[in-house]
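Starting from 1, each residue takes its place in the sequence as its number. Order of appearance sets the numbers: ligands from 1, and atoms from 1 within every ligand.
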Amino acid sequence: MSDKSKTGIDRRDLLIASLATVGASAALAAGTRAAQAQAATTTAAAAAADPTPGTVYTGDVIQGKKVVSALDVDDLEPGQKHHLYFQGVQMPTGQHWYASVIVAKGARPGKRGVLTSGVHGDEMSNIHTVQTVMNQLDPAQMSGTVMAVTDVARPAVESMQRRWPNQGRGADLIDMNREWPGNENGLTAPSRHAGLMFNRLLRPNADFAIDFHTGTTGFEVTAFNIGGMDVPEVKAMLELYPVGQIFDNHVYPGVLHNAFMDVGIPSFTPEIGAARVLDIEMISLFVEGTMNVFKHYGIVAGPMGRTGKDVNVFVGNSAFPILATEGGIVEHLVRLNDKVEAGQKVAIQRNSFGEVVAEYTSGVAGEITGQRSDAMAEPGNPLVFILFHKAAPGGGEAYPE
Ligand SMILES: [Zn+2]
């Protein structure tokens with residue numbers, strides 16, 4: 001991943017630090033498992049050096065689905081679909097959070113793709129995209145395997161809210177997409193859940209990975225993909241989607257797709273419109289793009305569908321944020337995907353008397369990629385994100401998600 005050094009020294013340092021952390025916790029996990037199973041054919045030292053934990057069935061069956069605490073898709077019957085539950089972290093009452101795992105195991109060997117959704121609990125079109133893709137796959141015709149986890153942050157999904165409600169100091173709300181790659185011995189349940197899932201389920205089964213998202217409650221976005229186009233494998237995948245925008249940026253550590261990138265697995269994040277709803281038309285574009293990715297990797301045969309070229313995709317490397325400076329009701333003067341010029345007025349805001357208290361203008365020329373959809377705003381709320389091309393992109397980009 002020497003390509004990534006372009007994004008700066010800070011990021012490389014973080015990358016090295018996180019690699020060291022993952023290695024240590026994976027080694028610890030492998031050692032514990034070998035001792036418990038008493039069936040290891042390798043020495044403890046060799047097991048500790050093996051990053052692939054294999055498959056561990058807990059013996060539990062929930063609603064007809066077997067439960068695993070670790071999975072190697074190579075252990076599953078080829079030419080079939082498999083439905084499993086992954087055993088995540090425990091709840092305060094001692095039961096576990098289980099995540100839904102779908103595996104389409106091809107009849108023939110090949111590349112292994114991982115699809116995830118539900119890292120944020122209020123996002124629905126991403127879940128439906130992953131389900132639709134999995135329903136279209138016929139394992140008998142596949143060369144390779146696709147594994148999907150649709151509800152990564154289960155308690156957040158259960159309450160259809162962005163963040164995981166954990167029992168820290170009273171109730172804390174933790175954003176799971178700042179926790180990756182997690183830590184099996186971490187200080188919070190979501191950190192441990194992320195560690196268990198990344199070490200024992202996601203990383204061992206991924207040659208490439210796609211973490212699907214949407215906008216968030218109160219803030220909707222266009223159809224776009226986020227990823228670093230300086231990494232050739234990522235660029236190739238991003239360009240296979242017939243969606244209007246690409247945000248060419250590595251964003252920041254802690255997001256799931258960067259945890260994959262940091263261990264050498266090409267990965268990116270699609271963003272599929274508004275939270276809380278299903279956008280069937282937009283979903284179909286991401287299904288088409290994802291099937292293109294499978295064809296690109298030889299997992300699925302057949303002609304490519306439409307790609308970014310067919311929709312004249314707009315590529316930017318930075319998102320210009322417009323933050324509310326006042327409280328009041330916001331009226332947008334432009335729509336998602338509109339092109340705007342520097343200095344163009346994009347929104348106004350009125351106080352409770354109906355007086356205009358703020359006018360917001362774009363500082364750049366670009367395309368609208370996200371807008372606050374809740375009409376009321378207080379100072380500091382992001383109102384608009386404008387995708388544009390920055391000559392020298394800096395680190396620590398904010399981005400709409
Ligand atoms: Zn999200």
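Under a cut-off of 6.0 angstrom, the local environment of NZ in Lys81 is crowded, with over 12 non-hydrogen atoms contributed by other residues, nucleotides or ligands. Residue-environment remark: CD1 (Ile280) exceeds the threshold of 12 foreign heavy atoms within 6.0 Å.
Checked against a 6.0 Å centroid threshold, the rings of Phe198 and Phe260 count as neighbours. Taking the ring centroids of Phe247 and Phe388, they lie at or beyond the 6.0 Å cut-off.
At least one side-chain heavy atom of Trp164 sits under 4.5 Å from a side-chain heavy atom of Trp97.
Ring pair Phe385/Phe219 is perpendicular by interplanar angle, where above 60° counts as perpendicular and below 30° as parallel.
For a distance threshold of 2.8 Å, the protein N, O or S atoms nearer than that to the Zn ion (ligand 1), listed by chain and number, are His120 ND1, Glu123 OE1, Glu123 OE2, His213 ND1.
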